[in-house]
Structure formats: C-alpha cells, structure tokens
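Shown below is the structure under consideration.
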Amino acid sequence: MELVETVQELNHVLRNHRNSIIGFVPTMGYLHEGHLSLVKKAKKECDFVVMSIFVNPLQFGPNEDLERYPRDLERDFDLARQAGVHVLYHPSIKEMYPNEPLVTTTVSESISKVLCGKYRESHFDGVATVVAKLFNQIKPNRAYFGQKDAQQLAIMAQLAKDLSFQIAVVPCETVREEDGLALSSRNVYLLEEERKQAVILSQTLSEVKSGLIARKWQTPDEINNFVRDRISTKPLAKLQYIETLSYPDLQSTTSLYDKQILVALAVFFGKTRLIDNILFSAEGESHVSNNDEIQITSGNRYRS
Ligand code: PAF
C-alpha cells in the first residue's frame with residue numbers, strides 16, 4: 001500500500017491504473033469495521049482501491065468536534081493495508097484548501113435542511129464540496145458510502161448525477177456491534193453507562209422495522225411518536241430528531257407502504273451525538289440491498 005499526500009503524487013501513482021476499475025472509499029479516518037466493510041466491497045467490485053483520510057474542516061460547524069475528532073494515522077495505515085487498500089490518500093488541509101475556496105458546492109435545501117442538516121448548518125455543502133474535489137482528484141469509477149449516513153448517501157448520489165460525475169455511488173450496509181449499536185468513530189467518546197444505554201437506537205429501529213412489516217402504523221407521526229417514547233426510557237439519551245421521510249428524495253410523506261421510506265434519528269449522550277436509521281419498502285420488505293446502487297445513481301463507468 002502506498003501512502004500519498006499530494007495531488008501530484010496521486011496522479012503519479014494512478015497513472016498506470018486508468019484502464020482499471022478504480023474504487024474509492026472516502027473517510028475521515030479512525031477506521032473501524034464499518035470502513036473496512038466498504039473496502040471489502042470495493043475490493044470485490046474493483047481492480048484498484050483508493051481510500052482517503054481527511055478530516056474536512058468545511059463540514060464541521062463552529063461548535064462541533066473538529067478539534068477533538070479522533071485521529072490515529074498509524075493505526076489507520078495498518079488497518080487499511082491489512083484490508084488490501086492499494087493507495088491511502090492523506091492530504092493536508094493546505095493541500096485540499098490552498099486558499100479559502102471561493103467556489104463551493106451547494107446542496108438544495110430540500111435535501112440538506114432536513115434530518116441532520118437541520119441542526120448542522122452548511123454541513124452537507126462542506127461534504128459535497130470535499131467529495132467533489134476528491135472525485136476530481138482520484139477520478140474513481142465507483143465510490144462507496146455507508147448507509148448509516150443515509151442522508152449523506154442520498155446527497156452523494158445526487159451530487160454524482162447533478163454534476164455529471166461518471167461515478168457509481170455504491171451504498172453499503174451499516175455494520176453493527178454485537179448488541180446492535182451502529183459502528184461510528186464517535187462511539188469512542190461514550191462513557192460506560194452511555195454506551196450501555198446507546199443500544200436503544202438500534203433496538204428501537206429494529207422494533208420499527210418489525211412494526212412496519214406487520215403494518216402496525218399508518219402515518220409517519222405514529223412511528224415518530226413510538227420512537228420518542230422508546231428513547232425517553234433511557235435517562236442519558238436526549239433525542240435530537242426523529243424523522244420518517246421518503247427515500248432517497250427525503251421528502252415528507254403521508255403514506256408508508258407505497259414507496260421506500262427512511263426512519264432516521266439522532267440522539268445525544270452527553271456531548272456525543274449518535275445517528276442511526278432504517279430503510280424500508282413494503283415491496284422489497286427491507287432496506288437497499290447490499291448489491292443495489294440507489295435509484296439516483298449516475299451511470300457506471302466500466303473498463304473501456
Ligand atoms: O462520511 C464521512 O466520513 C465524511 O463525511 C466524508 C464522506 C469522508 C467526507 O468528508
């Protein structure tokens with residue numbers, strides 16, 4: 001595995017792989033099994049895998065955890081190498097933003113001001129800007145994003161489509177701890193008792209899934225109220241939001257069973273903010289399957 005830190009080095013390393021299928025796994029580091037599952041999928045589907053590690057200041061608000069976001073490049077290097085990543089791209093802030101950018105990417109409020117975007121001012125503009133830059137620098141054929149960040153995944157697919165990146169955005173299933181907690185770099189912040197109570201997120205969502213399969217609810221409000229009740233049983237949990245929307249367009253919906261829906265929530269434990277979600281469609285009965293690209297995906301670019 002090669003570690004590269006500049007666009008110039010990246011061009012040099014990738015020059016001999018332009019006829020291969022290049023898979024890209026964007027991350028902010030502090031790797032866990034969730035990231036490694038993206039690599040695994042990329043390795044299955046591509047000839048050559050590039051992972052980026054870049055904690056992107058543009059997507060953090062002034063009161064968020066940019067400074068204390070966990071970092072451990074040495075450990076990440078070993079994990080990425082063992083997982084079979086070919087190139088680990090770790091640019092500096094100066095390399096990514098040599099000057100304050102005067103041109104950035106803006107995501108429509110209809111998909112960026114719901115769910116997490118309601119509480120994270122310009123977060124998705126920051127994500128879209130850095131991912132557009134990484135797409136341009138790496139020029140992958142396929143890019144892998146976790147379904148745990150379902151809003152980000154939907155926005156990335158829309159970004160690829162609307163800005164005509166010839167890149168397939170590939171959704172990857174959420175990886176969970178044995179008790180159901182979705183893996184996240186931020187889980188390390190949780191204190192022992194918070195960690196115990198955090199299982200309420202996945203437990204509740206799994207009850208929602210069973211309820212939907214049994215057609216227990218008729219409106220999003222009924223689901224949202226059920227989730228509010230459940231989360232309130234844990235004294236350390238503070239619900240930030242629960243929303244049930246159509247997916248991937250992230251619009252309010254009155255019906256639950258004639259389209260794919262997303263049930264997503266964010267919960268604080270102390271200062272630590274956790275998110276989780278499920279995707280449900282009555283037809284397919286469950287979430288986006290492991291092998292599907294989501295509907296708004298732009299065309300694949302295969303070996304020429
Ligand atoms: O999901 C993340 O880790 C980040 O938002 C991403 C996609 C790497 C962009 O900085």
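Because only heavy atoms are used, hydrogens play no part in the values below, and waters and symmetry mates are left out as well, while side chains stay in. Bear in mind the structure is a predicted one, so any value in this text is a computation, not a measurement. Numbering of ligands and ligand atoms starts at 1, following listing order.
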Practice problem: With sequence neighbours left out, write down each residue that passes side chain to side chain donor-acceptor pair (under 3.5 Å) with Glu33, or none if nothing qualifies. | Solution: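 With neighbours one apart ignored, the set is empty.
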
Considering only heavy atoms of Val130, which atoms of ligand 1 have at least one such atom less than 4.0 Å away?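 Close to Val130: 9 (C), 10 (O).
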
Show your reasoning for whether side chain to side chain donor-acceptor pair (under 3.5 Å) applies to Tyr144 and Arg142. CA-CA 7 Å; Tyr144 295 81; Arg142 303 173 70 78; 3.2 Å; yes

Among Asp65, Asp276, Asp149, whose salt bridge (Lys or Arg N to Asp or Glu O under 4.0 Å) with Arg186 holds?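 So, applying the salt bridge (Lys or Arg N to Asp or Glu O under 4.0 Å) to Arg186 and each of Asp65, Asp276, Asp149, only Asp65 qualifies.
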
Verdict with supporting geometry, Asp249 and Ser246, side chain to side chain donor-acceptor pair (under 3.5 Å) | CA-CA 6 Å; Asp249 57 342; Ser246 60; 2.7 Å; yes

Checklist entry - With a cut-off of 4.0 Å, which atoms of ligand 1 are near a heavy atom of Thr27? => result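 Checking each atom against Thr27, I get 8 (C).
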
Identify the closest protein heavy atom to atom 3 (O) of ligand 1: which residue and atom is it, and at what distance?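 Here the closest protein heavy atom is Met28 CG, 3.5 Å.
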
State the atoms of ligand 1, each with its element, that fall below the 4.0 Å cut-off from a heavy-atom position in Pro26.
->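 Reading through ligand 1 atom by atom, the close ones are 8 (C).
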
- Query: So which heavy atom in the protein is nearest atom 9 (C) of ligand 1, and how far is it from that ligand atom?
  - Reply: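 The protein heavy atom lying closest is Gln59 OE1, 3.4 Å.
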
- Query: Is the closest basic N to carboxylate O distance between Arg81 and Asp78 below 4.0 Å?
  - Reply: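 Yes, Arg81 and Asp78 are salt-bridged.
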
*Closest to atom 5 (O) of ligand 1 among Lys148, Gln152, Met156, His123 (heavy-atom distance)*: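 Among Lys148, Gln152, Met156, His123, the closest heavy atom to atom 5 (O) of ligand 1 belongs to Gln152.
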
